[in-house]
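Note sheet for the following structure.
Not measured: the values here are computed from a predicted model. Values reported hereafter were calculated over all heavy atoms of this structure, with side chains retained and with hydrogens, waters and symmetry mates removed. When a residue number appears, it is its place in the shown sequence, counting from 1.
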Amino acid sequence: MSLCPCGSQLEDKDCCLPVLEGAKKAPTAEALMRARYTAHVLKKYDFLVESAHPEFRDDVSPSEIEEWSSVMDWKSLEILGTKEGLENDETGEVSFCAHYSVRDFPQELREDAFFRKENGTWYYVDGTVYGKEPVRRESPKIGRNDPCPCGSGRKYKKCCGKNEE
């Protein structure tokens, strides 16, 4: 017995594997979200492209996903909430947090994922990813040999920058 990586507590053969292998369609948006997470864990990158809505498939390739995902050690999936996305719905939203590590450093991907069902098939459309914005320098970096911005006419390293060494 092997539990499905998606965290459903079901055996993989009764959960995401049939969806990944094309034996059955995901019945809900959440089921597709769980299958997409499992695809990352099992390195089934073609499924991630196939389960994206056809309008957005040109934006990414299996090799690009592999490059991004290959450095990650996927740990767990936490479903935070859902809006619609049931068997009789046409759209759905799944809020989730995927826990992973990069070089043993714990990370998480928090996203509100949006899904659409067309002709009985659920597709991932887009998502809003939450996270910290990187720190960005407001002004250009001053080089050690650049003129000091204080206007002294001396090199930065001999003026205001001499205490930074």
So that I can tick it off, tell me whether Lys44 and Asp46 are bridged by a salt bridge, with the cut-off set at under 4.0 angstrom between side-chain N and carboxylate O. no

Atom CD of Glu11: over 12 foreign heavy atoms under 6.0 Å: yes

Gap separating the OG atom of Ser95 from the NZ atom of Lys83, nearest 0.5 angstrom: 6.5 Å

Exceeds 12 heavy-atom contacts within 6.0 angstrom, atom CG of Asp14: yes

Non-hydrogen atoms of Val49 and Ser61 that approach each other most closely: CG2-C, 3.9 Å

I'd like to know if Phe114 and Tyr37 are part of one continuous hydrophobic network [Ile/Leu/Val/Met/Phe/Trp/Tyr, side-chain heavy atoms within less than 4.5 Å]. no

Donor-acceptor contact below 3.5 Å, side chain Ser69 vs main chain Ile65: no

Verify the cluster assignment for Met33 and Val19: are they in a single hydrophobic cluster under the rule of side-chain heavy atoms below 4.5 Å apart? yes

If you round to the nearest 0.5 Å, how far is NZ of Lys13 from CG of Leu3? 11.5 Å

Using 0.5 Å steps for rounding, measure from the OG1 atom of Thr38 to the CG atom of Leu48. 10.0 Å

Close side-chain approach of Val94 to Ile79, heavy-atom, < 4.5 Å: yes

Can you tell me how far apart NZ (Lys117) and CG (Leu86) are? Round to the nearest 0.5 Å. 9.0 Å

Quick one: closest heavy-atom pair of Ser101 and Lys75, and the distance? OG-CE, 3.4 Å

Tyr156 and Pro149 have their tightest heavy-atom pair at CD1-CD, 3.8 Å

Verify same cluster id: Val102, Val129 (apolar side-chain graph, 4.5 Å): yes

Testing the basics here: between Leu32 and Ser51, what is the closest heavy-atom pair and its distance to 0.1 Å? CD1-CB, 3.8 Å

Beyond-backbone contact of Lys157 with Cys148, side-chain heavy atoms, under 4.5 angstrom: no

Pairwise distance SG(Cys159) to CZ(Arg154) - rounded to 0.5 angstrom: 4.5 Å

Side chains of Glu30 and Thr82: donor-acceptor distance under 3.5 Å anywhere? no

Please tell me if the side chains of Phe96 and Leu77 come closer than 4.5 Å, counting only heavy atoms from C-beta onward. yes

Exam field: side chain Arg110 to backbone Tyr130, donor-acceptor pair closer than 3.5 Å: no

Could you tell me whether the side chain of Pro18 reaches within less than 4.5 Å of the side chain of Glu21, counting heavy atoms only? no

Measure up the Tyr45 and His40 rings against each other and bin them: parallel (under 30°), tilted (30 to 60°), perpendicular (over 60°). perpendicular

Can you name the nearest heavy-atom pair linking Ala35 to Leu20, along with the distance? O-CD2, 3.5 Å

Using 30° and 60° as the class limits, which term best fits the ring planes of Trp74 and Tyr100: parallel, tilted or perpendicular? tilted

For Thr128 and Asp112, test the side chains for any donor-to-acceptor distance below 3.5 angstrom and give the result as yes or no. no

Less than 4.5 Å apart, side chain to side chain, heavy atoms only: is that true for Arg34 and Ser8? yes

Could you check whether any side-chain heavy atom of Glu118 comes within less than 4.5 Å of a side-chain heavy atom of Glu90, counting everything from C-beta outward? no

List the atom of Glu111, the atom of Tyr124, and the distance in Å for their closest heavy-atom pair. OE2-OH, 2.7 Å

Intermediate values then yes/no, salt bridge (charged side-chain N to carboxylate O under 4.0 Å, His left out), Arg116 and Glu55: CA-CA 11 Å; Arg116 187 182 317 156; Glu55 288 178 28; 3.5 Å; yes

Mind checking whether Trp122 and Glu87 have side chains closer than 4.5 Å, heavy atoms only? no

Side chain proximity check, Phe47 to Leu42, heavy atoms < 4.5 angstrom: no

Could you walk me through whether Val125 and Phe115 satisfy the side chain to side chain contact (heavy atoms under 4.5 Å, CB included) test, starting with their C-alpha distance in whole Å, then the side-chain angles of each, then the deciding distance to 0.1 Å, before giving a yes or no? CA-CA 5 Å; Val125 175; Phe115 297 86; 5.6 Å; no

